[in-house]
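Heads up: numbering here begins at 1 and tracks the sequence.
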Amino acid sequence: MRNEIKIFSPATVANVSCGFDVLGFCLDTIGDEMVVRKSKEKGFRITHIGGFELPLNPLENVAGVAALALLNDINLDFGFEMEIYKKIKPGSGIGSSSASASGSVFAINELLGRPYSRHQLTHFAMKGEALASGIEHADNIAPALFGGFTLVKSNAPIQVLELPSPKALYATLIHPEIEIKTSDSRAVLPKQIPLQLAVTQWANVGSLVHALHTNDYQLLSSALQDVVIEPYRKRLIPHFDSIKKQSVLAGALGCGISGSGPSIFALSEGLATAKSVEKSMRDVYSKSGIPFNTYVSKINSKGIKIL
């Protein structure tokens, strides 16, 4: 059994327009790298963080909280230490905290010989995610651990459904260099919604799931509509409506807010269209004066991977 492991923990897109807090998918070209090794000293330590300034104290770091939740569940006479190389900016809306939380428990589980299932790892990782957002949710964690598209049917007990990914499906993302805290983006949401909006939303979720199973890109396009969350959260993201309009004109199947924002995602059939959508996004933001990054990624069907 190995004593050290290096992993790639990917970025993820949560909500996927209509699936607030339940749907997500995994990205292939964006993610953090983490090194975890066994140590003689019991417990869990973070020895280095590169990329962004984050707490080394494991009780103040999502990776540490998740790891300690796992270690508190198992009796070991040794511990672990971790190096984190962050490439996903915290607060970017593409699962920075979930990459850390899910990556730490995945790596420890591998070094222990995989005693825990991915559902159990999701439970531990959610403890870390709660540190960042104030609430335990798995819509970013699940796709990171399971890969592809996932639907979180239940948080208690954890039940994650793995959904298929059409082979020609690509994601395009733009990340404006502004920060929106998950807690703030939740604060703008209404406590109640009209019944008709709820009916429309769950019809879209069911349609999206069916579209993924049948490779129906036209149905997928019509299902990528959010009538509940987006109208409130888009106000926090500069030029959101322009990005959405131009992405669809460039051929995107649909466009929406990635997680709690500020990142915006679009899904397209084929790499060429995804790159055209990227150009349209860049054209909008190049006139805004706001720094930004864009990415094009195939759907990552494997999730976290060992390097």
[X] vs [Y] side-chain heavy atoms within contact, under 4.5 Å:
{"X": "L173", "Y": "I94", "value": "yes"}
{"X": "I7", "Y": "L307", "value": "no"}
{"X": "E33", "Y": "K6", "value": "yes"}
{"X": "S165", "Y": "S301", "value": "no"}

Residues in salt bridge (charged side-chain N to carboxylate O under 4.0 Å, His left out) contact with [X], at least two apart in sequence or another chain:
{"X": "D283", "result": "K279"}
{"X": "K38", "result": "none"}
{"X": "K302", "result": "none"}

Q. For residues T47 and E81, is any side-chain donor paired with an opposing acceptor at under 3.5 Å?
A.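 E81 and T47 do not have a side-chain donor-acceptor pair below 3.5 Å.
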(Q) Can a side-chain donor-acceptor contact be found between S39 and R45 if the only test is distance below 3.5 angstrom? (A) yes
Give every donor-acceptor pair under 3.5 Å between a side-chain atom in residues 8-22 and any protein atom, sequence neighbours left out.
residue	atom	partner	partner atom	Å
S9	OG	A99	O	2.7
T12	OG1	N140	ND2	2.7
N15	OD1	D21	N	2.9
N15	ND2	G259	O	3.1
D21	OD1	R186	NH2	2.8
D21	OD2	R186	NH1	3.4
D21	OD2	R186	NH2	3.1

Q | Face-on cation placement of K298 at Y170 ring, 6.0 Å and 45° thresholds | A |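 Yes; both conditions hold, so K298 lies above the ring face of Y170.
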Taking ring pair (Phe, Tyr, Trp, His ring centres under 6.0 Å) as the test, write out the residues that go with [X], two or more places apart.
{"X": "F52", "answer": "none"}
{"X": "Y85", "answer": "H48"}
{"X": "H119", "answer": "F146"}
{"X": "F44", "answer": "none"}

Give every donor-acceptor pair under 3.5 Å between a side-chain atom in residues 235-250 and any protein atom, sequence neighbours left out.
residue	atom	partner	partner atom	Å
R235	NE	P231	O	3.2
D241	OD1	K234	NZ	3.2
K244	NZ	E230	OE2	2.7
S247	OG	I243	O	2.7

Listing, residues 191-200 side-chain donor-acceptor contacts under 3.5 Å, not counting sequence neighbours, or none:
residue	atom	partner	partner atom	Å
T200	OG1	Q196	O	3.1

**Q.** Residue pairs involving residues 145-173 (criterion salt bridge (Lys or Arg N to Asp or Glu O under 4.0 Å); sequence neighbours excluded)
**A.**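 Those involving residues 145-173 are R118-E162.
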**Q.** Summary of salt bridge (Lys or Arg N to Asp or Glu O under 4.0 Å) pairs that have at least one residue in residues 61-80, sequence neighbours excluded
**A.**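 Checked against salt bridge (Lys or Arg N to Asp or Glu O under 4.0 Å) - neighbours excluded - no pair reaches residues 61-80.
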